[in-house]
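Below is one structure, written out as structure tokens, with a few remarks after it.
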Amino acid sequence: IWGQGVPTVPRITQNTGFLSNFQSVLPTCGDFRSLIAMLMREMKKLTDGTVVLSPSSSEGQISYVLALFECTDFLLDFGLLVSNRDELTADYSNVQVVYSAVFALLNVKNQPRVEGGRSAIPYGKLQVMALEVMWRILNMRANHRITLAISAWEKVFDRLETTGHLGELRIIHASTPRPQTARARNSGDYG
């Protein structure tokens, strides 16, 4: 995932005596394809039943899946699981895998009933995280619709501006008589 990086000397170290010999390479991340591929493989294991978690699962298994969901949540937050996210044809296939994994994790009707256990609290935290990921997915859907609506309006105004019609609309708007408000009528200013 991490590339060679960009050799730099941070500006703060250039002016500071005790850090003047500091040489670093800031790591850069070219893309997250391998990380996303691994996350999707693991999420599909939850979806197809290869991995089934319950409160009786080991703490290690629960912690691992919790970390998967936390990482996925982070990638969802930055829109990295969606290709062409600002387009009408955005690819939500990775998000659909995560969505299915959340439901597979939360679908407890097919799991054996287990009372308590050492892993009940970590399992509860995992369920909370899964619901937070679900919230993020729903929020992403709303944000995508808002982005598309804003994009459509921007295209309308760009088109009006390039054709010269936007100036005409401003002139029409400025010359259109406006109805008087009650405040203007009461002040005696009948313009």
Side-chain angles (χ1 to χ4, degrees), residues 1-8 10 12 22 24-152:
I1 292 174
W2 293 100
Q4 291 292 73
V6 180
T8 65
I12 191 169
F22 178 78
S24 70
V25 174
L26 294 177
T28 60
C29 184
D31 79 59
F32 289 95
R33 280 183 280 196
S34 57
L35 174 64
I36 291 170
M38 185 275 297
L39 287 171
M40 294 306 106
R41 275 193 312 273
E42 296 300 314
M43 292 290 171
K44 286 177 183 174
K45 289 179 184 177
L46 287 169
T47 303
D48 66 15
T50 306
V51 173
V52 178
L53 293 176
S54 70
S56 63
S57 299
S58 74
E59 283 189 55
Q61 290 171 316
I62 293 171
S63 295
Y64 177 70
V65 174
L66 179 62
L68 291 174
F69 274 106
E70 287 172 346
C71 187
T72 301
D73 184 50
F74 183 74
L75 293 173
L76 282 167
D77 189 27
F78 287 96
L80 297 173
L81 294 182
V82 180
S83 302
N84 303 325
R85 66 175 180 238
D86 293 336
E87 302 297 324
L88 189 58
T89 58
D91 179 13
Y92 279 89
S93 58
N94 290 332
V95 177
Q96 291 170 338
V97 170
V98 175
Y99 186 80
S100 297
V102 168
F103 272 100
L105 179 73
L106 296 175
N107 185 11
V108 294
K109 69 180 178 184
N110 296 330
Q111 297 175 3
R113 190 109 175 134
V114 178
E115 296 299 324
R118 213 175 80 174
S119 300
I121 292 174
Y123 185 74
K125 289 179 183 178
L126 174 60
Q127 289 179 313
V128 168
M129 184 70 222
L131 289 171
E132 288 174 2
V133 167
M134 179 60 68
W135 175 84
R136 178 87 62 202
I137 290 170
L138 297 174
N139 191 31
M140 176 183 277
R141 176 83 172 156
N143 286 343
H144 184 247
R145 289 180 175 186
I146 292 168
T147 299
L148 292 176
I150 290 171
S151 177

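Fair warning: this is a prediction, and the values are worked out from it, not measured in the lab.
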> Counting only heavy atoms not in Tyr92, do more than 12 sit closer than 6.0 Å to its OH atom?
Replying inline: yes

> What pair of heavy atoms forms the shortest contact from Val97 to Thr47, and how long is it?
Replying inline: O-OG1, 3.9 Å

> Applying ring-ring contact (aromatic ring centres under 6.0 Å, His included), which residue pairs with at least one partner in residues 59-90 are found, sequence neighbours left out?
Replying inline: Phe74-Phe78

> Hey, what do you get for CD1 (Ile121) to CD (Glu59), rounding to the nearest 0.5 Å?
Replying inline: 9.0 Å

> Out of curiosity, Met134 CE to Leu76 CG, how far, rounded to the nearest 0.5 Å?
Replying inline: 10.5 Å

> Can you name the closest pair of heavy atoms from Leu46 and Ala104 and give their distance?
Replying inline: O-CB, 3.3 Å

> Could you give the distance from CG (Leu35) to CG (Leu80), rounded to the nearest 0.5 Å?
Replying inline: 9.5 Å

> Under the salt bridge (charged side-chain N to carboxylate O under 4.0 Å, His left out) test, which residues partner Lys45, sequence neighbours left out?
Replying inline: Glu42

> CG of Asp73 to CG of Leu68: how many Å apart, nearest 0.5 Å?
Replying inline: 12.5 Å

> Looking at Thr50 and Asp48, what are the two nearest heavy atoms and their distance?
Replying inline: OG1-OD1, 2.5 Å

> Nearest 0.5 Å, what's the OG-CE distance between Ser100 and Met43?
Replying inline: 11.0 Å

>> For Leu105 versus Ala130, what's the shortest heavy-atom pair and its separation?
In response: CD2-CB, 3.6 Å

>> Return the CD1 to CZ distance between Ile36 and Arg33, rounded to the nearest 0.5 Å.
In response: 9.5 Å

> Looking at Met40 and Val98, what are the two nearest heavy atoms and their distance?
Replying inline: CE-CG2, 3.7 Å

> Closest approach of Val52 and Ser57, non-hydrogen atoms and distance?
Replying inline: O-OG, 3.9 Å

